Amino acid sequence: LQLRILWEEILKQILTSSEQFKDIQISEQEEIKAPWEGLAKKNADLICRNISESASKVTYVLDAKYKDRSESKEPPAPSASEQYQIFAYSHLVENVEDKVRCGLLYATANNLNMSKPWMRSPKVSENIDLVSITVPFPKYEDLISGQHWQKWTQTIGELLCKNLIK
């Protein structure tokens with residue numbers, strides 16, 4: 001099992017355990033149309049769509065990054081290639097009704113849960129933004145029982161959603 005795939009699955013379980021994401025439909029490895037005809041399509045790690053009739057229709061395009069940012073005291077700034085990748089996803093994802101919130105979710109070995117938002121430059125669109133978030137990778141004590149795992153995913157899920165939903 002590749003760590004990248006494991007990290008995506010952990011993030012999905014974290015999100016689905018959060019009460020704030022109860023009306024969100026999560027798709028894994030959703031195909032994004034290619035920007036040029038005849039070229040290969042790409043899959044986004046996680047696409048989350050709000051299915052509640054009463055809430056604003058935000059589509060979350062999330063990319064799981066298995067790059068340990070534990071040493072950083074600041075929220076991680078995405079590399080140029082990560083910026084272009086998520087920029088492309090934000091414009092190519094289909095079935096967007098209102099706003100797109102892009103997120104780069106970095107694994108970290110400590111308990112810090114830092115986030116930093118960015119707006120498009122120049123402010124072309126108020127409907128697309130980007131946030132990078134560090135998410136703690138589970139430790140041994142989080143895995144020793146189903147009850148420990150459930151508590152950990154709910155706790156981290158609430159923190160993640162607080163940083164993601166703004």
Side-chain angles (χ1 to χ4, degrees), residues 1-32 43-78 82-83 85-86 89-90 93 95-119 127-166:
L1 181 65
Q2 294 180 4
L3 282 176
R4 178 187 58 79
I5 294 168
L6 175 63
W7 182 232
E8 290 170 19
E9 181 58 35
I10 290 170
L11 289 171
K12 182 181 176 191
Q13 288 184 32
I14 289 170
L15 290 168
T16 56
S17 71
S18 171
E19 187 63 29
Q20 297 177 60
F21 250 50
K22 70 178 185 316
D23 292 327
I24 304 290
Q25 178 184 35
I26 301 174
S27 303
E28 295 176 83
Q29 293 296 316
E30 184 172 313
E31 191 173 84
I32 301 289
N43 291 352
D45 292 342
L46 299 166
I47 304 283
C48 308
R49 292 185 174 85
N50 193 326
I51 56 174
S52 170
E53 293 300 319
S54 60
S56 66
K57 300 294 185 187
V58 178
T59 299
Y60 299 92
V61 179
L62 306 177
D63 196 44
K65 297 295 182 186
Y66 191 75
K67 298 177 181 178
D68 187 4
R69 301 293 178 106
S70 300
E71 300 301 317
S72 176
K73 301 291 185 228
E74 298 289 324
E82 290 169 339
Q83 291 176 55
Q85 176 188 18
I86 207 76
Y89 287 174
S90 72
V93 67
N95 303 319
V96 173
E97 292 185 40
D98 188 15
K99 178 180 173 145
V100 175
R101 182 108 209 240
C102 300
L104 296 168
L105 307 179
Y106 296 95
T108 183
N110 59 31
N111 289 325
L112 295 177
N113 196 303
M114 301 181 295
S115 69
K116 181 169 182 170
W118 288 274
M119 296 302 295
N127 291 333
I128 301 173
D129 64 351
L130 168 64
V131 63
S132 69
I133 303 172
T134 58
V135 182
F137 199 80
K139 297 179 176 141
Y140 172 76
E141 55 267 20
D142 304 318
L143 306 171
I144 57 176
S145 72
Q147 186 177 10
H148 284 85
W149 177 249
Q150 183 178 13
K151 182 180 180 211
W152 184 84
T153 57
Q154 288 173 343
T155 301
I156 300 303
E158 295 306 317
L159 288 170
L160 175 57
C161 289
K162 186 174 111 178
N163 286 312
L164 194 58
I165 301 171
K166 292 193 180 193

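Just so you know, these numbers come straight off a predicted model, no measurement behind them.
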Which heavy atom of [X] sits nearest a heavy atom of [Y], and at what distance?
X: N163; Y: V131; value: O-CG2, 4.2 Å
X: W7; Y: A64; value: CD1-CB, 3.6 Å
X: G157; Y: I14; value: CA-CG2, 3.3 Å

Would you please indicate yes or no on a ring centroid separation below 6.0 angstrom for F137 and Y66? yes
What distance separates [X] [atom1] from [Y] [atom2], expressed to the nearest 0.5 Å?
X: S132; Y: Q83; atom1: OG; atom2: CD; result: 10.0 Å
X: I5; Y: I10; atom1: CD1; atom2: CD1; result: 12.0 Å
X: L11; Y: L6; atom1: CG; atom2: CG; result: 9.5 Å
X: Y140; Y: H148; atom1: OH; atom2: NE2; result: 10.0 Å
X: L104; Y: T134; atom1: CG; atom2: OG1; result: 12.0 Å

Of all residues at least two apart in sequence or in a different chain, which pass the salt bridge (Lys or Arg N to Asp or Glu O under 4.0 Å) check with D63? K65
I would like to know whether L62 and L15 meet side chain to side chain contact (heavy atoms under 4.5 Å, CB included); could you show each step before the answer? CA-CA 11 Å; L62 306 177; L15 290 168; 3.7 Å; yes
Does K139 offer a backbone N or O that forms a donor-acceptor pair with the side chain of D142 under 3.5 Å? yes
Which residues pass the side-chain contact (heavy atoms from CB on, under 4.5 Å) test with [X], sequence neighbours left out?
X: Q147; result: S145
X: S17; result: T153, Q154
X: T155; result: K151

Side chain to side chain contact (heavy atoms under 4.5 Å, CB included) between I86 and L130, intermediate numbers included: CA-CA 8 Å; I86 207 76; L130 168 64; 3.9 Å; yes
Any residue meeting side chain to side chain donor-acceptor pair (under 3.5 Å) with E9, in chain and number order, not counting sequence neighbours: Q13
Test side chain to side chain contact (heavy atoms under 4.5 Å, CB included) applied to I133 and Y106, step by step: CA-CA 6 Å; I133 303 172; Y106 296 95; over 6 Å; no
Any salt bridge between R4 and E8, counting N to O under 4.0 Å? yes
Can you tell if the side chain of L160 reaches within under 4.5 Å of the side chain of L105, non-hydrogen atoms only? yes
